[in-house]
*Asks:* 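Sharing a structure below in structure tokens format, with a few things to ask.
Source: prediction; values computed, not measured.
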Amino acid sequence: MTDREVPEATESYWYDEDAQDVERAIEVLRALRRFKAADSAMRAKTQADMDMNETDLLALRYLIASEAREHPVGPKELAQVLSISSAATAKLLARLTRSGHIVREPHPTDRRAQILHPSPDAHHEVRKTLGDMHERMLSVAQGYSPTAQQTIINFLDALSEAVQSADELEENTSKKSSGHRRVSL
């Protein structure tokens, strides 16, 4: 058990485990906790393997995804996506440049701005570190029918909303209606 996992014995505090209608739901939540623990361990291992902190890895993943969409990214956008200050962004970019994970180029039309690109070595390292795991995850998801996949999507989206605070829900609703969406990392 990791230090973040809660022993199953404490679940009786929250749930009436003797009620038949909640027994299966509790098993679903336990499975979700097991996945969250496995995901957390995988992220920690990935960060250690790549010698990066979580923000560095999120930045690199965002830059790789943006490059695949042919969407140029500058420091300001990266700071917004990661919800970090401009000072923290400057330190992050210096670290990733020094480690050879990103390349900075002048913006083609604004000489004061920069465009950030993942380096070829970063692509290779990410594929080497995460490729097999992502293939296994995709294989699991593909193993379900389209109807079951939609059910899983609906469940996870509803659970995400259930754990958000009222303020977060209101903020997300206003972002969706204004067309502004935080990108999933």
*Asks:* Kindly list each side-chain donor-acceptor pair under 3.5 angstrom involving residues 139-158, sequence neighbours excluded, with atom names and distances?
*Replies:*
unit_1 : atom_1 : unit_2 : atom_2 : d
S145   : OG     : A148   : N      : 3.0
Q149   : NE2    : A141   : O      : 2.7
Q149   : NE2    : Y144   : O      : 3.3
Q150   : NE2    : N154   : OD1    : 2.8
T151   : OG1    : T147   : O      : 3.0
N154   : ND2    : Q150   : O      : 3.3

*Asks:* Look up atom CG in L82 and atom CD in E77, then write down how far apart they are to the nearest 0.5 Å.
*Replies:* 10.0 Å
*Asks:* List the atom pairs, donor and acceptor, that lie under 3.5 Å between side-chain atoms in residues 91-100 and the rest of the protein, sequence neighbours left out.
*Replies:*
unit_1 : atom_1 : unit_2 : atom_2 : d
R95    : NE     : D56    : OD1    : 3.3
R95    : NE     : D56    : OD2    : 3.1
R95    : NH2    : D56    : OD1    : 2.7
T97    : OG1    : L93    : O      : 2.7
T97    : OG1    : R104   : NE     : 3.1
S99    : OG     : R95    : O      : 3.2
S99    : OG     : L96    : O      : 3.2
S99    : OG     : H101   : ND1    : 2.5

*Asks:* Identify whether V103 and L57 are in the same connected component of the hydrophobic contact network (ILVMFWY, side-chain heavy atoms under 4.5 Å).
*Replies:* no
*Asks:* Without hydrogens or angle criteria, can the side chains of H107 and Q114 be said to hold a donor-acceptor pair below 3.5 Å?
*Replies:* no
*Asks:* Check this for me: H124, atom NE2, are more than 12 non-hydrogen atoms of other residues, nucleotides or ligands nearer than 6.0 Å?
*Replies:* no
*Asks:* When rounded to the nearest 0.5 angstrom, what distance separates OG1 in T55 from CG in L60?
*Replies:* 12.5 Å
*Asks:* Is there a side-chain contact between V73 and H71, using heavy atoms and a 4.5 Å cut-off?
*Replies:* yes
*Asks:* Is E27 paired with R24 through a side-chain N to carboxylate O contact shorter than 4.0 Å?
*Replies:* no
*Asks:* Give, for atom CD of Q80 and atom OG1 of T89, the distance between the pair rounded to the nearest 0.5 Å.
*Replies:* 9.5 Å
*Asks:* Examine L58 and M52 and state if one hydrophobic cluster contains both, with Ile, Leu, Val, Met, Phe, Trp and Tyr joined whenever side-chain heavy atoms are less than 4.5 Å apart.
*Replies:* yes
*Asks:* Side-chain heavy atoms nearer than 4.5 Å, only ILVMFWY residues, links allowed to pass through others: does that put I115 and I102 together?
*Replies:* no
*Asks:* Distance check, rounded to the nearest 0.5 Å: K45 atom NZ versus M50 atom CE?
*Replies:* 11.5 Å
*Asks:* Under the side-chain contact (heavy atoms from CB on, under 4.5 Å) rule, what do H117 and L63 come out as? Steps first, then yes or no, please.
*Replies:* CA-CA 6 Å; H117 299 280; L63 292 174; over 6 Å; no
*Asks:* At what distance, to the nearest 0.5 angstrom, does CG of L29 lie from CZ of R33?
*Replies:* 6.0 Å
*Asks:* Of all residues at least two apart in sequence or in a different chain, which pass the side chain to side chain contact (heavy atoms under 4.5 Å, CB included) check with M133?
*Replies:* M42, L130, R136, M137
